[in-house]
Number of protein chains: 2
Amino acid sequence: MSQQRSERPAGSDSRPARSAAGLSADGSPGHGLPERGAPASELPDLPEATVARLPEYLRALHVLADGGGDVVSSEELAQAAGVNSAKLRKDLSYLRSNGTRGVGYDVGQLIDKIEHVLGLNQHRAVALVGVGNLGQALAGYGGFGSRGFHIAALFDADPTRVGDRIAGLSVRHIDELAEVVATEHIAIAVIATPAHAAQAVADALVDCGVTSILNFAPCVLSVPENVDVRKVDLAIELQILSFHEHRKSTLTALPEAIS
Amino acid sequence: MSQQRSERPAGSDSRPARSAAGLSADGSPGHGLPERGAPASELPDLPEATVARLPEYLRALHVLADGGGDVVSSEELAQAAGVNSAKLRKDLSYLRSNGTRGVGYDVGQLIDKIEHVLGLNQHRAVALVGVGNLGQALAGYGGFGSRGFHIAALFDADPTRVGDRIAGLSVRHIDELAEVVATEHIAIAVIATPAHAAQAVADALVDCGVTSILNFAPCVLSVPENVDVRKVDLAIELQILSFHEHRKSTLTALPEAIS
DNA sequence: AGGCGCTCGTGAACGCGTGCACAAATCGTG
DNA sequence: CACGATTTGTGCACGCGTTCACGAGCGCCT
Ligand SMILES: NC(=O)c1ccc[n+]([C@@H]2O[C@H](COP(=O)([O-])OP(=O)(O)OC[C@H]3O[C@@H](n4cnc5c(N)ncnc54)[C@H](O)[C@@H]3O)[C@@H](O)[C@H]2O)c1
Ligand SMILES: NC(=O)c1ccc[n+]([C@@H]2O[C@H](COP(=O)([O-])OP(=O)(O)OC[C@H]3O[C@@H](n4cnc5c(N)ncnc54)[C@H](O)[C@@H]3O)[C@@H](O)[C@H]2O)c1
């Protein structure tokens with residue numbers, strides 16, 4: 001178990017490990033507005049850190065839009081999203097942003113723009129593999145629809161689970177993966193199986209043409225270069241918190257640190 | 001709902017936003033082995049990026065230990081953890097690591113060291129607030145014990161849920177929070193309530209003395225400076241994947257990128 | 001004992017990300 | 001029409017994080 005494939009050990013903490021797939025011909029070291037990319041209205045190669053923040057802005061914008069606001073200043077939006085306002089403005093500037101100086105950003109327009117950049121215009125179909133403890137919670141979660149996704153299919157290897165209906169979907173056997181992925185046009189999958197099964201599931205997903213994987217199993221997945229993997233490991237998050245907790249307690253132990 | 005507190009908008013993507021709490025008196029720009037910190041055997045102020053990777057190393061080490069290995073080279077361990085070997089060695093060097101040149105690292109010793117640094121020697125007690133869809137999955141998850149934690153108490157505001165028994169624990173009313181946190185010595189809590197309740201829950205937790213929070217609700221929490229918040233937002237992860245998916249499809253759309 | 005091969009530890013260089021600070025642009029008003 | 005208030009867009013510098021490359025130490029074999 002837990003055998004490493006030879007291809008690539010994806011799944012670093014942050015970015016989904018996209019190695020340059022042939023491009024990056026532009027050798028300019030410039031920081032301002034990289035000009036490579038599709039000619040006209042296409043995204044000019046956003047920094048990963050920016051990409052990771054756009055969803056946060058989008059969430060905050062939806063809250064503002066529901067509140068009736070139609071324009072936001074960078075300061076307001078930044079506070080709502082929990083970031084620095086300068087950072088926010090720089091991030092939005094990568095989107096050829098259409099903020100108005102002296103006024104702010106048009107909320108609706110900005111939502112559209114970010115959703116377009118993130119590719120959320122069409123609701124993306126997501127497959128969920130492993131309908132156990134966690135998988136059932138995810139399948140039953142109603143919050144994805146408003147964020148641009150819908151769970152299109154559930155899979156499990158346990159024959160006693162196959163056929164169960166959860167949130168309007170029936171659980172299908174993992175053998176049907178290829179067929180369903182094709183007919184439902186699924187490009188993104190979630191792995192919620194035990195760790196010992198995760199690599200095999202990932203391999204099967206990749207074989208079916210899935211190119212993005214969100215992995216809940218506590219293990220490293222090896223996938224081909226064109227496949228993105230992001231992982232969520234609960235225990236790791238807790239352990240990071242534990243470190244800071246530990247550090248706090250040893251810090252308060254010393255009475256005076258400043259001489 | 002979703003009112004912002006004035007204190008501090010914690011919950012950036014990665015690091016738990018620990019602003020310097022008075023120290024950092026050492027003005028040296030040096031990168032090698034910062035020498036501030038407790039005098040003898042204490043942690044020399046690890047970089048956040050390193051802290052975030054230590055749990056990954058720990059997991060890989062446990063797998064190796066179960067496999068019977070007693071020494072690992074940095075190359076092996078790095079591959080098992082999905083990182084660069086130079087990065088691994090630098091990370092471990094911050095722990096005053098006791099690797100042996102020409103041989104490698106002693107697996108057991110390294111496990112002990114990392115667990116000590118992360119403060120995992122004592123099993124830390126964790127409180128879980130919000131025993132809904134997701135909360136039940138977390139409460140029923142058996143994998144925390146081996147990672148240094150145990151769920152010590154469950155809380156919910158819904159009176160019909162209070163009293164339910166899940167995984168050997170009975171759900172208690174949120175009003176009992178202060179009492180239980182004190183008696184169980186809880187310093188870390190998980191929020192799995194709807195977003196509109198999360199800030200109020202966080203406030204209550206902070207009032208009880210909880211200083212680390214893992215937040216599953218899709219919202220920004222404001223907490224005092226000495227409290228660490230990490231968030232896990234499923235939809236954000238999917239949206240980041242969606243971006244790369246979108247990018248892939250627009251890339252393959254152009255037939256030839258290289259002139 | 002001496003040499004040889006192996007692996008750790010780390011100095012140094014590079015690139016990315018962040019935040020300050022300011023110029024440019026827009027709106028409202030008299 | 002001119003001016004001031006306001007807010008965006010961004011040049012620039014700094015610090016953190018990553019990676020290469022190599023010296024330093026350790027064990028083994030002869
Ligand atoms: N439950 C949690 O709160 C939690 C927390 C952190 C991490 N995780 C991780 O998430 C994963 C799932 O956790 P869980 O509690 O739901 O486990 P679980 O055992 O309840 O569910 C796993 C499901 O995967 C199915 N499965 C096994 N092999 C499969 C295969 N080859 N193909 C398809 N399906 C397969 C099983 O039949 C089962 O239904 C685990 O890796 C766990 O470590 C869970
Ligand atoms: N279920 C998922 O897979 C999933 C995925 C992504 C994000 N989330 C987020 O996780 C959170 C929980 O999701 P869920 O599906 O379990 O929701 P849920 O509605 O099933 O459960 C929420 C629980 O919190 C309790 N609660 C409400 N207010 C409370 C309060 N003030 N104090 C204590 N308890 C309170 C409710 O009684 C309920 O039991 C939500 O914020 C959701 O957006 C869930």
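Each chain gets a letter, A, B and so on, in the order its sequence line appears, and its residues count up from 1.
Rounded to an integer number of Å, the gap from CG of A:Leu88 to C1' of D:dT10 is 14 Å. Summarising the geometry, the separation between CZ on B:Arg53 and P on D:dC16 is reported as 15 Å, rounded to the nearest angstrom. Here C:dT7 presents its C1' atom at 9 Å from OH of B:Tyr105, a figure rounded to the nearest Å. When rounded to the nearest whole Å, the span between CG of A:Leu46 and C1' of C:dG17 equals 14 Å. Rounding to whole angstrom units, OH of residue A:Tyr94 and C1' of D:dT10 are separated by 10 Å. Atom CD in A:Glu48 sits about 12 Å away from atom P in C:dC16, given to the nearest Å. Atom CD of A:Gln79 is separated from atom P of D:dT7 by 14 Å (rounded to the nearest Å). Atom NZ of A:Lys87 and atom P of D:dG11 are 19 Å apart (whole Å).
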Seminar exercise, completed: Nucleotide by nucleotide, nucleotides 20-30 of chain D touches protein heavy atoms under 4.0 Å in the pattern (B base, S sugar-phosphate only, - none) BB-BBBBS---
Problem set entry | Residues B:Asp233, A:Arg147; criterion salt bridge (Lys or Arg N to Asp or Glu O under 4.0 Å); working and verdict | CA-CA 11 Å; B:Asp233 190 327; A:Arg147 311 283 289 272; 3.2 Å; yes
For this session: Apply the test side-chain contact (heavy atoms from CB on, under 4.5 Å) to residues A:His116 and A:Asp112: give CA-CA distance (whole Å), side-chain angles for both, the deciding distance (0.1 Å), then the verdict.
Result: CA-CA 6 Å; A:His116 172 75; A:Asp112 288 346; over 6 Å; no
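Note that the CZ atom of A:Arg53 and the CG atom of A:Leu88 stand 9.0 Å from one another [nearest 0.5 Å]. Summarising the geometry, atom CZ belonging to A:Phe243 is positioned 4.0 Å from atom CG belonging to B:Leu46; distances are rounded to the nearest 0.5 Å. To the nearest 0.5 Å, the span separating CD on A:Glu237 from OG on A:Ser242 amounts to 13.0 Å.
Between the side chains of B:Asp228 and B:Ser212, no donor N or O sits under 3.5 Å from an acceptor N or O. B:Glu48 and A:His244 are linked by a side-chain donor-acceptor pair at a separation below 3.5 angstrom, with hydrogens and angles left out of the test.
For D:dT7, neither phosphate oxygen OP1 nor OP2 lies less than 4.0 angstrom from any side-chain nitrogen or oxygen of A:Ser74. Taking only side-chain nitrogens and oxygens, A:Ser73 never comes nearer than 4.0 Å to OP1 or OP2 of D:dT7.
For the pair B:Gly104 and A:Asp91, both in contact range of DNA chain C, the more 5′-proximal nearest nucleotide belongs to B:Gly104.
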